[in-house]
Number of protein chains: 2
Amino acid sequence: MATIDDVARQAGVSKGTVSSVFSKKRPISRQVSERVLNVAKELGYYPNHLARSLAIKKTMIVGLRVPLPSDGCMSAFESQLINGVIMECSKQGYRVLLDTLPEQDDPRLFSQDPVDGVILLNPRKNDPRIGRYGQMGIPFVLVGRPDPFDESISCVDNNNTDVSYQVGDYLLRNGHRSVLFLNSASDMTVSYDRKLGLSEVFRHYGLSLREEHVMYFTRKLFANGTDYGYISVMNSYRKLNYTAVIADTDRVALGVLRAARDLGVEVPEELSVIALSNDAILAQNMNPRLTSVELSADLLGAEAANMLIEKMSGMSDNRQVIIDAKLVVRESCSFRSNP
Amino acid sequence: MATIDDVARQAGVSKGTVSSVFSKKRPISRQVSERVLNVAKELGYYPNHLARSLAIKKTMIVGLRVPLPSDGCMSAFESQLINGVIMECSKQGYRVLLDTLPEQDDPRLFSQDPVDGVILLNPRKNDPRIGRYGQMGIPFVLVGRPDPFDESISCVDNNNTDVSYQVGDYLLRNGHRSVLFLNSASDMTVSYDRKLGLSEVFRHYGLSLREEHVMYFTRKLFANGTDYGYISVMNSYRKLNYTAVIADTDRVALGVLRAARDLGVEVPEELSVIALSNDAILAQNMNPRLTSVELSADLLGAEAANMLIEKMSGMSDNRQVIIDAKLVVRESCSFRSNP
DNA sequence: TCGAATCGTTAAACCGGTTTAATGACCTTA
DNA sequence: TAAGGTCATTAAACCGGTTTAACGATTCGA
């Protein structure tokens with residue numbers, strides 16, 4: 001590859017002049033500019049992004065860190081969220097460096113990435129990444145809530161506790177008294193929040209959410225979300241005697257519906273199904289159409305990107321943003337007169 | 001941020017020594033190494049990825065260019081493919097720089113990206129990107145087929161013509177004579193290939209595929225794939241008198257199924273539905289379960305990543321890889337005795 | 001005991017750009 | 001005509017690492 005020096009020599013000017021021709025940061029006479037551009041074209045010269053970034057201390061790249069289990073792949077939620085981040089970044093002239101490796105703890109392997117800022121997904125309790133980026137002085141935004149909570153951290157999240165409260169309220173208001181909750185994996189903060197909200201609404205109705213009615217997804221037992229829904233309902237329906245199922249995602253609900261078909265149980269007449277979902281199109285077109293919650297993962301991503309870019313430009317304080325999730329009633333739930 | 005110079009000064013050694021401590025490329029005595037590491041920790045020093053990459057001419061980053069229409073977002077196929085790329089890259093220690101902007105034609109805006117190689121998606125006819133990367137000497141792999149075809153280009157693709165031939169053959173063998181083909185957007189090479197295969201198999205049976213039985217997706221008319229399937233069937237079923245629908249994706253098939261329900265048409269008894277799909281879990285759990293083609297977008301992505309990494313290490317020639325797509329028969333198609 | 005080999009360390013050049021301070025040519029103005 | 005002001009251009013320093021060649025100290029073999 002031709003370098004700026006090659007171009008400068010061939011055009012009979014200095015590096016600085018060539019630099020100015022490309023960056024347009026300083027006026028260059030018409031003749032010189034054209035000569036340089038011609039030589040550049042002839043030699044096939046393109047400025048080197050690395051060298052440029054090193055000099056100006058800016059890469060126009062946003063890091064997106066999505067730690068995933070080594071075997072696993074992205075969920076629809078993650079995939080949509082990433083989509084949202086990319087769209088927003090593209091719009092503002094940024095690119096996205098995606099990373100799905102679990103973060104190393106050896107600082108020798110932890111280099112200062114070629115990014116201007118970072119978006120962190122799937123925060124764990126006491127996530128060591130938070131301290132690290134803070135210390136390195138790299139602007140970052142969290143998707144999810146920091147645990148323990150910290151006001152000085154920018155983050156975007158759904159109102160998860162609220163969501164499950166609403167969903168529970170909807171079911172209880174419609175006469176359901178026994179509900180199976182197919183929660184997501186137990187080590188995620190969102191899982192905790194959702195159970196909290198559901199417990200609360202049960203208490204509000206003078207009831208209590210029984211432990212055996214809450215299940216957690218695990219990769220060990222289930223190949224995927226749909227499997228989780230199918231197997232869990234097949235194994236528990238006769239035993240636990242519930243009239244409604246709250247599924248983690250639309251995919252889980254898909255498995256629940258299949259199990260219902262295989263068990264000869266009518267939905268929604270005999271069993272109501274509701275999902276804490278994020279794929280509106282799928283939910284709208286299932287049979288029956290799925291009552292579900294719109295999480296708007298893409299909005300979450302876009303907002304995170306937007307906050308980060310603002311933060312990098314230095315004109316914004318840290319803040320916490322809640323993206324409202326809302327219940328969309330379709331056809332998969334029924335009123336149940338109490339026995 | 002502390003630099004290597006700060007560490008060197010504070011530890012009373014030279015830059016080169018600090019560099020060696022971190023890269024482990026040269027032996028350093030135990031005492032010196034420990035002293036350097038301690039100082040580094042104290043100062044919060046992390047090596048600068050940019051500077052390092054500039055010096056060693058290697059970034060361990062793979063570019064993934066997915067040009068999308070400015071308004072649009074990724075399809076499930078793209079999303080899965082990206083997932084495959086990321087998984088394979090992660091496994092081999094690479095990261096992924098994602099870019100969804102349509103490529104600029106002004107070379108002044110086209111810099112030499114901080115990547116060791118590039119994966120190109122959604123190739124157009126005479127795609128200018130191909131020549132450009134070739135000229136720049138950056139290794140690249142195409143997902144899809146180059147048009148015009150060129151043996152010196154590495155690429156990964158499905159056997160699209162073959163797929164639609166197989167699908168057509170399956171329907172014709174089962175007695176169908178009138179088939180609606182909901183093809184993807186007309187400007188994509190895959191669209192052309194699929195129609196070609198279908199025409200061929202019709203000819204093989206002494207029939208001909210009629211133009212009005214082939215439709216193309218367009219963003220202008222349909223908000224999404226499911227809409228495309230629903231509206232197309234609602235508008236054409238009574239007029240065109242077909243007994244089977246070939247849908248571009250499972251999402252399109254979802255719309256077709258809903259249209260059938262709304263029209264009071266039984267699937268598969270009165271109407272057979274088949275999808276050129278890639279989401280096995282969704283297809284398996286639809287009602288009825290969807291007969292569809294497994295495109296394995298994730299494999300496509302993984303293979304592309306793998307080829308690229310091989311190519312970057314310099315030990316591999318260009319080659320064309322076909323990922324076999326195969327028809328998976330489930331429950332959405334029926335045998336039709338000819339009238 | 002001397003010369004060679006091994007070892008850890010360093011100074012300086014290098015990667016490919018940007019930027020600052022200085023330079024010289026040209027044009028005003030007093 | 002000399003002093004002052006623009007203007008395009010340049011040489012050199014800089015960004016933060018890696019690497020090469022040289023070096024002094026120690027160990028080895030004869």
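Every chain is numbered from 1 and lettered A, B, ... according to where its sequence line falls, protein lines coming before strand lines. Worth saying up front: this structure is predicted, and the values here are computed from it rather than measured.
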Inset, instruction - Decide whether N122(A) and E78(A) meet the rule of one side-chain donor and one side-chain acceptor closer than 3.5 Å. - result: yes
Legend entry - Any donor-acceptor N or O pair under 3.5 Å, side chains R65(A), Y133(A): yes
Inset, instruction - Looking at every strand, decide which applies to V32(A) at a 4.0 Å heavy-atom threshold: base, sugar-phosphate, or nothing. - result: sugar-phosphate
Inset, instruction - Grab the CD-P distance between E34(B) and dG8(C) for me, whole Å please. - result: 15 Å
Legend entry - Toward the 5' end of DNA chain C, by each residue's nearest nucleotide, S14(B) or I56(A): S14(B)
Legend entry - T17(B) side chain to S20(B) side chain, donor-acceptor N/O pair below 3.5 angstrom: no
Legend entry - Residue closer to the 5' end of DNA chain D, L50(B) versus S20(B) (nearest nucleotide): L50(B)
Inset, instruction - Take atom CZ of R26(B) and atom C1' of dC7(C), then tell me their distance rounded to the nearest Å. - result: 12 Å
Inset, instruction - Scan L54(B) against the nucleic acid and name what it touches under 4.0 Å (heavy atoms): base, sugar-phosphate only, or nothing. - result: base
Legend entry - Nearest-nucleotide comparison on DNA chain C, the residue closer to the 5′ end among S19(A) and A55(B): A55(B)
Legend entry - Side-chain donor-acceptor pair present, S191(A), S186(A), cut-off under 3.5 Å: no
Inset, instruction - Name the nucleic acid region contacted by S29(B), choosing base, sugar-phosphate or nothing; use a 4.0 angstrom heavy-atom cut-off, strictly under. - result: sugar-phosphate
Legend entry - Separation of dT10(C) C1' from K25(B) NZ (nearest whole Å): 18 Å
Which atom pairs, donor and acceptor, lie under 3.5 Å between side-chain atoms of residues 50-60 of chain B and protein residues at least two apart or in another chain?
| residue | atom | partner | partner atom | Å |
| --- | --- | --- | --- | --- |
| S53(B) | OG | H49(B) | O | 2.8 |
| S53(B) | OG | H49(B) | ND1 | 3.4 |
| S53(B) | OG | K58(B) | O | 3.3 |
| T59(B) | OG1 | I61(B) | N | 3.2 |
| T59(B) | OG1 | P114(B) | O | 3.2 |
| T59(B) | OG1 | D116(B) | OD1 | 3.1 |

Legend entry - Heavy-atom contact window of chain B on DNA chain D, given 5' to 3' at under 4.0 Å: dG16(D) to dT20(D)
Inset, instruction - Pick base, sugar-phosphate or nothing for K15(A), based on heavy-atom distances below 4.0 Å to the nucleic acid. - result: base
Legend entry - Sugar-phosphate only, base, or nothing, as touched by T3(B) at under 4.0 Å among non-hydrogen atoms: sugar-phosphate
Legend entry - side chain to side chain contact (heavy atoms under 4.5 Å, CB included) evaluation trace for I153(B) with N318(B): CA-CA 6 Å; I153(B) 293 172; N318(B) 289 311; over 6 Å; no
Inset, instruction - Would you kindly give the NZ-to-C1' distance between K24(B) and dT9(C), to the nearest whole Å? - result: 20 Å
Legend entry - Test item: V36(B) and V13(B) side chains (from C-beta on) under 4.5 Å apart, heavy atoms: yes
